[in-house]
A.B. asks: 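Sharing a structure with you now.
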Amino acid sequence: MDWSRGNSAVLLKTTDALKLLPNVKPRLAMQRLSEANNMYFSCDENEFRILEEVDICAGLSVTREAFNELIISDEYTGSKKVSPRGASLLLKLYDADFFELKGCKDTFEGTEVLRQYAESEEKLAAKVEKLNHLKKERSEREAYLIANPGHVLDHEFTPSLLNTIMYRNGKIGSHTEMVIGGVTVTKDVSAFASNSGKSRSNTVILSWTDNSGKQHKEILTQSSYASNRRNDAERNWGLPE
């Protein structure tokens with residue numbers, strides 16, 4: 001299973017996996033892994049090389065490909081994740097005394113949770129496949145609704161979708177309206193300046209009354225300058241008294 005390209009959401013964080021190893025110090029363990037990662041990069045006589053395999057500890061030889069399973073970068077959060085195959089390697093490193101411990105190594109039972117995770121590749125792959133299928137369905141539905149605004153259902157009204165539909169239909173300006181799914185949607189854009197007046201940003205609010213009569217008012221974006229002195233009449237618009 002390729003855990004890159006958005007598939008890493010279901011994986012365990014490397015730091016959380018390390019916490020499942022009895023008496024391991026997670027912070028020091030992550031530092032140890034970082035040091036081991038550097039072993040794969042060699043610079044000899046001005047020649048840079050990436051080694052395919054290195055002896056990490058106690059005669060334990062690990063390929064670069066296998067080691068990468070320990071430090072998979074989540075493309076959305078940037079955090080490091082570990083795959084089930086990576087968890088198997090963590091257990092081998094633990095058994096080989098790779099990590100500094102704050103006590104003695106525990107029994108086999110102490111690592112059982114991580115061992116179960118190490119055996120969950122097939123289960124997690126099925127979960128990813130299901131999530132990707134749902135994501136594709138949502139994407140296709142959204143594309144259809146953008147092209148057919150009159151078919152948007154009440155429960156599909158989200159600020160992001162409504163804003164995209166209005167933009168695609170040329171509804172641009174400080175105050176615009178559009179009928180979407182039989183409902184009139186209003187978009188108000190308010191510009192706010194920084195106290196220095198050098199920067200500006202907008203607050204965008206979408207409002208509508210759905211088919212059941214319930215009123216909605218959703219903030220799509222909030223200007224970080226909205227509460228500044230320059231934008232407050234009670235503080236004389238930021239001007240000297």
Side-chain angles (χ1 to χ4, degrees), residues 1-45 47-140 160:
M1 176 71 187
D2 181 4
W3 294 108
S4 61
R5 302 183 184 279
N7 293 332
S8 62
V10 301
L11 297 181
L12 193 63
K13 286 184 179 181
T14 306
T15 51
D16 290 339
L18 290 170
K19 292 175 183 177
L20 296 175
L21 292 171
N23 295 322
V24 162
K25 302 175 181 178
R27 183 179 297 180
L28 290 178
M30 283 298 295
Q31 182 178 333
R32 190 87 167 87
L33 289 177
S34 178
E35 293 169 352
N37 183 47
N38 291 335
M39 295 171 65
Y40 290 92
F41 303 97
S42 172
C43 186
D44 186 20
E45 295 182 356
E47 181 183 0
F48 178 76
R49 293 183 299 152
I50 299 178
L51 304 178
E52 294 300 320
E53 190 169 348
V54 298
D55 188 336
I56 289 185
C57 72
L60 180 59
S61 184
V62 180
T63 65
R64 174 69 179 158
E65 182 180 8
F67 190 87
N68 283 341
E69 297 284 327
L70 297 172
I71 50 173
I72 299 168
S73 293
D74 188 293
E75 65 178 357
Y76 298 111
T77 66
S79 61
K80 299 301 181 184
K81 301 287 191 71
V82 58
S83 72
R85 291 193 297 272
S88 294
L89 177 55
L90 277 183
L91 290 164
K92 290 180 182 178
L93 292 173
Y94 182 71
D95 291 338
D97 299 321
F98 175 77
F99 300 111
E100 180 181 341
L101 305 180
K102 53 187 175 184
C104 299
K105 270 196 299 189
D106 209 330
T107 61
F108 179 89
E109 289 75 15
T111 59
E112 182 59 24
V113 174
L114 188 57
R115 292 183 189 278
Q116 290 176 3
Y117 177 75
E119 297 171 358
S120 68
E121 178 102 7
E122 186 175 336
K123 180 180 178 181
L124 290 179
K127 186 175 182 179
V128 166
E129 185 177 355
K130 182 178 180 180
L131 289 173
N132 286 340
H133 178 71
L134 291 173
K135 184 178 179 180
K136 181 182 178 182
E137 283 188 335
R138 286 196 297 267
S139 179
E140 290 175 347
S160 178

A.B. asks: Hey, is CD on Glu129 packed in by over 12 heavy atoms from elsewhere, all under 6.0 Å?
C.D. replies: no
A.B. asks: Check Met30 against Thr14 and note the closest heavy-atom contact, atom names and distance.
C.D. replies: SD-CG2, 3.6 Å
A.B. asks: Kindly indicate whether the side chain of Thr111, heavy atoms from C-beta on, has any atom under 4.5 Å from the side chain of Tyr94.
C.D. replies: yes
A.B. asks: Just jot down the side chain to side chain contact (heavy atoms under 4.5 Å, CB included) partners of Ser79, sequence neighbours excluded, or say none.
C.D. replies: Lys13, Asp74, Thr77, Lys81
A.B. asks: Can you check whether Leu18 reaches Phe99 side chain to side chain, under 4.5 Å on heavy atoms?
C.D. replies: yes
A.B. asks: List for me each residue that meets side-chain hydrogen bond (donor to acceptor under 3.5 Å, both in side chains) alongside Ser73, sequence neighbours excluded, and say none if there are none.
C.D. replies: Lys80
A.B. asks: For residues Gly86 and Leu70, report the shortest heavy-atom separation together with the two atoms involved.
C.D. replies: O-CD2, 3.0 Å
A.B. asks: Measuring from Phe98:CZ to Leu89:CG, what's the distance to the nearest 0.5 Å?
C.D. replies: 9.0 Å
A.B. asks: What pairs with Lys135 under side chain to side chain contact (heavy atoms under 4.5 Å, CB included), at least two apart in sequence or on another chain?
C.D. replies: Tyr76, Arg138
A.B. asks: My understanding is that only residues two or more places apart in sequence, or in another chain, count here; which of them pass side chain to side chain contact (heavy atoms under 4.5 Å, CB included) with Ala17?
C.D. replies: Leu12, Val82, Leu90, Leu114
A.B. asks: So, using side chain to side chain contact (heavy atoms under 4.5 Å, CB included) as the criterion, who are the partners of Glu137 when residues are at least two apart?
C.D. replies: His133, Leu134
A.B. asks: For Asp55, what residues pass the side-chain hydrogen bond (donor to acceptor under 3.5 Å, both in side chains) criterion, not counting sequence neighbours?
C.D. replies: none
A.B. asks: Donor-acceptor pairs are to be reported for all side-chain atoms of residues 62-69 against protein atoms at under 3.5 Å, with residues two or more places apart or in another chain.
C.D. replies:
residue	atom	partner	partner atom	Å
Thr63	OG1	Ala66	N	3.1
Arg64	NH1	Asn37	OD1	2.3
Arg64	NH1	Asn68	OD1	3.4
Asn68	ND2	Arg64	O	3.4
Glu69	OE1	Ser83	OG	2.4
Glu69	OE2	Arg85	NH2	3.1

A.B. asks: With sequence neighbours excluded, tell me which residues meet salt bridge (Lys or Arg N to Asp or Glu O under 4.0 Å) with Lys25.
C.D. replies: Glu100
A.B. asks: Are Trp3 and Glu121 packed together at the side-chain level, in the sense that at least one heavy-atom pair is separated by less than 4.5 angstrom?
C.D. replies: yes
A.B. asks: Applying salt bridge (charged side-chain N to carboxylate O under 4.0 Å, His left out) as the test, list every pair that has at least one member in residues 26-35; sequence neighbours left out.
C.D. replies: none
A.B. asks: Within the 4.5 Å heavy-atom criterion, are Phe48 and Ser42 side-chain neighbours or not?
C.D. replies: no
A.B. asks: Please list, chain by chain and in numerical order, all residues satisfying side-chain hydrogen bond (donor to acceptor under 3.5 Å, both in side chains) with Ser139, sequence neighbours excluded.
C.D. replies: none
A.B. asks: With rounding to the nearest 0.5 Å, note down the distance linking OG in Ser120 to CD in Gln116.
C.D. replies: 9.5 Å
A.B. asks: Minimum heavy-atom separation for Leu101 and Pro22, please, with both atom names.
C.D. replies: CD2-O, 4.0 Å
A.B. asks: With sequence neighbours left out, write down each residue that passes side-chain hydrogen bond (donor to acceptor under 3.5 Å, both in side chains) with Asn132, or none if nothing qualifies.
C.D. replies: Asn7
A.B. asks: Rounded at 0.5 Å granularity, tell me how far CG in Leu60 sits from CG in Asp97.
C.D. replies: 11.0 Å
A.B. asks: If every non-hydrogen atom of Ile56 is compared with every non-hydrogen atom of Met39, which pair is closest and at what distance?
C.D. replies: CA-CE, 4.1 Å
A.B. asks: Could you please spell out the steps behind the side chain to side chain contact (heavy atoms under 4.5 Å, CB included) verdict for Leu91 and Arg115?
C.D. replies: CA-CA 8 Å; Leu91 290 164; Arg115 292 183 189 278; 3.5 Å; yes
A.B. asks: Out of curiosity, Leu11 CG to Lys127 NZ, how far, rounded to the nearest 0.5 Å?
C.D. replies: 10.0 Å
A.B. asks: Please tell me if the side chains of Ser61 and Val54 come closer than 4.5 Å, counting only heavy atoms from C-beta onward.
C.D. replies: no
